[in-house]
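Along the sequence shown, residues carry numbers from 1.
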Amino acid sequence: MGELKELLKGDTRFVDAEGKLLKNKIVEHALKLDKELIKLLLKNERIKEHFFKDVDGILVFDKEKFMKFIDNKEFLPDSYTAFKNKIGLANENGKYIAKSKEVVLVWPYKDCVLEGGQEKPDEKRKEIFHNVILAPDEIDRLLEPKVFTNFKRIDKDGEHPLDGFRRDAEINRKRGLPEDTITDNLIIKGNNLLALHSLLKEFRGKVKLIYIDPPYNTGGDEFQYNDNFKHSTWLTFMKNRLEVAKELLSEDGSIWINIDDNELSYLQVLLDEIFGRENYISLVTVKRSASTGHKAINPGPINVTDYIIGYAKNKRMWKYHIQYVPRDYDKAYSLFIENYDEGVDKWKFIPISEALKKYGCTIYELIEKYPERIVRFAEPNYSGVGKETKRIIDLSKRIPNKIFIQKREGYPDIYLKNGQRILFYKDKVQKINGKITTVELLTNIWNDIPFQGIAKEGGIVLRKGKKPEKLLKRVIEMNTDAGDIVLDFFMGTGTTCAVAHKIGRQYVGIEQLDYGKNSALSRLKNVINGDQTGISKAVNWQGGGDFVYMELMKLNEPFIERIRDAETTEELLKIWEDMKHNGFLSYRVDPRLFDENIEEFKALNLDEQKKLLLEMLEYNDLYVNYSEIDDDIYNVSEMNKKLNKELYGGC
């Protein structure tokens, strides 16, 4: 490196006014196979041997090898990298690790919590995440089960200390799970990757549905990332969580992910890899907004959609619960059976207009009251029906005034008159949101769920990124039965858990961010107390039930929170002093060298200082490991020990 630096300084094009080498200039000329640069490199025998290959007596410049060498962080490091190397944060080879088995952890870098009742449209929630990438040889006890603390049961009478988890054997028998499975609803505060790994002991293979609405990685209004949260890092971040999520799913379970088009294609490839292409279920397009406002001036087609992509754990075992959506009255059903109760042989058909006059009502009132009397005649597909149906069709043509009925086991009976089939409107209606409605089968385009006017659903306020309760109701109902377990590990303001509570599913929610008055905790308290927003009226929700709240027990995590919130270098230096004496530092850090080079640390900007202190922490010790629950230094209370041992089965 030293020889190359001195050699390059011999070309004035690569040096600034202060005599420092310009890395970008060097790379630029290497890309162009600049003659003068190549001549310069050939002057030094060792460099010539390293960057040139002899092919039948001709020297060939290895451009890629040269640029990779120049781009190495050890070559011309910036001030941040130089300081980091001095205190020992680079690994023993002086290289930075990027391997397929790396783990990405994230923390909120700054919270801007919306206040209840806020009306200013220009104030938006912004969540900036701090990201740490750990390579395989850095991961020691990171993913071991963690100690939980701050347990409480919350019901309509308030918060109570938890005295134990419920394990209802009868409920578990009905859903085909081990009788000792926890039947409590759980809300967990803490890093979702670590919480998911901690849930494996209790919930591996038991979760029927996972729904998540992860950060979209757009850098837009809702989720903004620091410069390190690039495309590949986002995919690794998702991969870490999806791999453990798959382990939690039951064999007949499925996962549904809400995403926009920014990462959709890449996410689908990742899901193919983790779950298998053969387990792909569907890609649903959801219309979330109208083509109005600022969207209308953007170049190209206006983007008004999100997507929900679904994969099964094992598609052969996954069961779809048929769903219907409302549609307008089908005018083809233009006849009415005037004397329905007199029996099939006496039925008399009159125009629907006469029936409306007779009963003095609207078509919608008639549908709600007499759907079995509203009919139409349709030509059957003669070549596509069975032998017995063909026989009855022929018979009905020979006796045109008689109605023939073909009885069918497990299917609706077929009514035929004069060779034509009688179709009944009752087969086109369902009760949706508590009302008899004309329906059709659900497709993969969902444009019937309004996103407008939902900001205050659940009694909490969130103007951007919130999902309607009706959307979650559909996802949950098409994948689960009553009592099944639903998991959301990007819980946000708690829509998934609120809907699951109202329609009788057990749920587990995980969230690290604190939304204050607009948190999932507040929302679920409202649900228990009879919240009447969202789907409440449609499902006749009256309140009740409870849930258990618990948190991962912090170790190094408080230092991360303090660093995140610090506003000055002086604050960071105080945190550093505390870290030296009370924190768990990375084995690669030499605190003595940090203190010796403190002036160089002060010369960094505040973001670089924060990033550096965060990297100095030992990430295997963010939270207390369950294996160390009895160590006196962690001061775990006897009650917390009892509850943790109960959660982990006494192991």
Side-chain angles (χ1 to χ4, degrees), residues 281-282 315-446 448 474 477-479 481:
I281 298 172
S282 182
K315 195 173 179 180
R316 288 175 297 178
M317 297 184 67
W318 173 74
K319 179 184 176 184
Y320 173 59
H321 297 66
I322 295 174
Q323 300 291 302
Y324 300 91
V325 292
R327 58 156 292 173
D328 291 335
Y329 163 60
D330 188 342
K331 293 180 181 178
Y333 287 78
S334 58
L335 297 173
F336 187 81
I337 304 173
E338 187 178 36
N339 56 341
Y340 182 85
D341 294 330
E342 293 181 18
V344 172
D345 292 335
K346 296 182 180 180
W347 277 359
K348 180 181 177 183
F349 301 93
I350 63 173
I352 201 81
S353 56
E354 289 186 24
L356 293 174
K357 290 178 183 177
K358 179 178 178 180
Y359 289 98
C361 63
T362 66
I363 184 64
Y364 301 104
E365 291 170 332
L366 194 69
I367 289 170
E368 189 164 1
K369 193 169 184 179
Y370 300 116
E372 74 285 356
R373 298 190 183 196
I374 301 170
V375 299
R376 60 169 289 204
F377 287 90
E379 194 75 34
N381 179 10
Y382 192 81
S383 62
V385 299
K387 184 177 179 180
E388 176 62 15
T389 306
K390 287 179 180 177
R391 185 188 71 80
I392 298 175
I393 290 173
D394 294 338
L395 183 61
S396 74
K397 286 181 178 179
R398 291 198 296 270
I399 311 174
N401 293 323
K402 180 177 174 61
I403 295 175
F404 291 85
I405 304 173
Q406 180 187 358
K407 298 287 186 179
R408 299 194 300 172
E409 188 71 32
Y411 296 93
D413 295 338
I414 295 176
Y415 289 71
L416 291 158
K417 183 177 182 182
N418 193 21
Q420 290 194 311
R421 185 172 178 180
I422 303 172
L423 301 178
F424 298 87
Y425 209 82
K426 67 180 177 63
D427 296 324
K428 294 184 69 69
V429 298
Q430 292 282 333
K431 182 171 279 190
I432 294 183
N433 297 327
K435 185 178 180 182
I436 295 294
T437 307
T438 304
V439 297
E440 61 187 6
L441 287 171
L442 180 68
T443 71
N444 64 347
I445 297 179
W446 297 0
D448 61 311
R474 177 173 293 171
E477 288 185 335
M478 74 184 194
N479 288 284
D481 293 304

Checklist outcome for this item: Closest heavy-atom pair, Q420 versus P380, reported as atoms and distance to 0.1 Å, is CA-CD, 4.1 Å
Checklist outcome for this item: Between the CD atom in E368 and the SG atom in C361, the distance rounded to the nearest 0.5 Å is 10.5 Å
Item to check | Heavy-atom closest pair, residues V439 and Q430 | outcome: CG2-CG, 3.6 Å
Checklist entry - Is N381 atom CG crowded by more than 12 heavy atoms from other residues, nucleotides or ligands, each under 6.0 Å away? => result yes
Item to check | Distance-only donor-acceptor check, side chains Y425 and T438, under 3.5 Å | outcome: yes
Checklist outcome for this item: Of all heavy-atom pairs linking V325 and R474, the shortest is CG1-NH2, 3.3 Å
Item to check | Nearest heavy-atom neighbours spanning Y333 and L423 | outcome: CE2-O, 3.4 Å
Checklist entry - Would you say the side-chain atoms of D413 pair up with the backbone N or O of I405, donor to acceptor, closer than 3.5 Å? => result no
Checklist entry - Looking at side-chain heavy atoms only, is the closest gap between N418 and F377 below 4.5 Å? => result no
Next on the checklist: Working to the nearest 0.5 angstrom, can you tell me the gap between I422 CD1 and F349 CZ?
Outcome noted: 4.0 Å
Next on the checklist: Using side-chain heavy atoms (C-beta onward) and a distance below 4.5 Å, is V429 in contact with Y324?
Outcome noted: no
Checklist outcome for this item: Distance col, row Y329:OH vs T437:OG1, nearest 0.5 angstrom, shows 15.5 Å
Checklist entry - Going by heavy atoms in the side chains, are Y320 and M478 under 4.5 Å from each other? => result yes
Item to check | Centroid separation Y370 to Y359 less than 6.0 Å | outcome: yes
Checklist entry - So I414 and I392, side-chain contact (heavy atoms from CB on, under 4.5 Å) or not? Walk me through it. => result CA-CA 10 Å; I414 295 176; I392 298 175; over 6 Å; no
Checklist entry - Is there a side-chain contact (heavy atoms from CB on, under 4.5 Å) between E388 and R391 once you walk through the steps? => result CA-CA 5 Å; E388 176 62 15; R391 185 188 71 80; 2.8 Å; yes
Checklist entry - Is a side-chain N or O of E354 found less than 3.5 angstrom from the main chain of P351, in a donor-acceptor match? => result no
Checklist entry - Is the cationic atom of K402 (NZ for Lys, CZ for Arg) positioned less than 6.0 Å from the six-membered ring centroid of F404 and within 45 degrees of its normal? => result yes
Checklist entry - Between S396 and G419, what is the shortest heavy-atom contact and its length? => result OG-N, 2.7 Å
Item to check | Atom NZ of K369 with >12 non-hydrogen neighbours under 6.0 angstrom | outcome: no
Next on the checklist: Can you give me the closest heavy-atom contact between I403 and K417, atom names plus distance?
Outcome noted: CG1-CD, 4.0 Å
Checklist entry - Does the side-chain contact (heavy atoms from CB on, under 4.5 Å) test come out yes or no for I367 and K428, once each step is laid out? => result CA-CA 10 Å; I367 289 170; K428 294 184 69 69; over 6 Å; no
Item to check | Nearest-0.5 Å distance that lies between atom CZ in F336 and atom CZ in R373 | outcome: 5.0 Å
Next on the checklist: Quick check for you: to the nearest 0.5 Å, what is the distance between R376 atom CZ and L335 atom CG?
Outcome noted: 10.5 Å
Checklist outcome for this item: Between the CD1 atom in I322 and the CG atom in L441, the distance rounded to the nearest 0.5 Å is 6.5 Å
Checklist entry - Considering residues at least two apart in sequence or located in another chain, which fulfil the side-chain contact (heavy atoms from CB on, under 4.5 Å) criterion with K426? => result P371, E372, F424
Checklist entry - So, does D448 use its side chain to make a donor-acceptor pair with the main chain of P326 at under 3.5 Å? => result no
Next on the checklist: Looking at L395, I'd like to know if its CG atom is crowded, meaning that more than 12 non-hydrogen atoms belonging to other residues, nucleotides or ligands lie closer than 6.0 Å.
Outcome noted: yes
Checklist entry - Yes or no on side-chain contact (heavy atoms from CB on, under 4.5 Å) for H321 and D481, after CA distance, side-chain angles and deciding distance? => result CA-CA 9 Å; H321 297 66; D481 293 304; 2.7 Å; yes
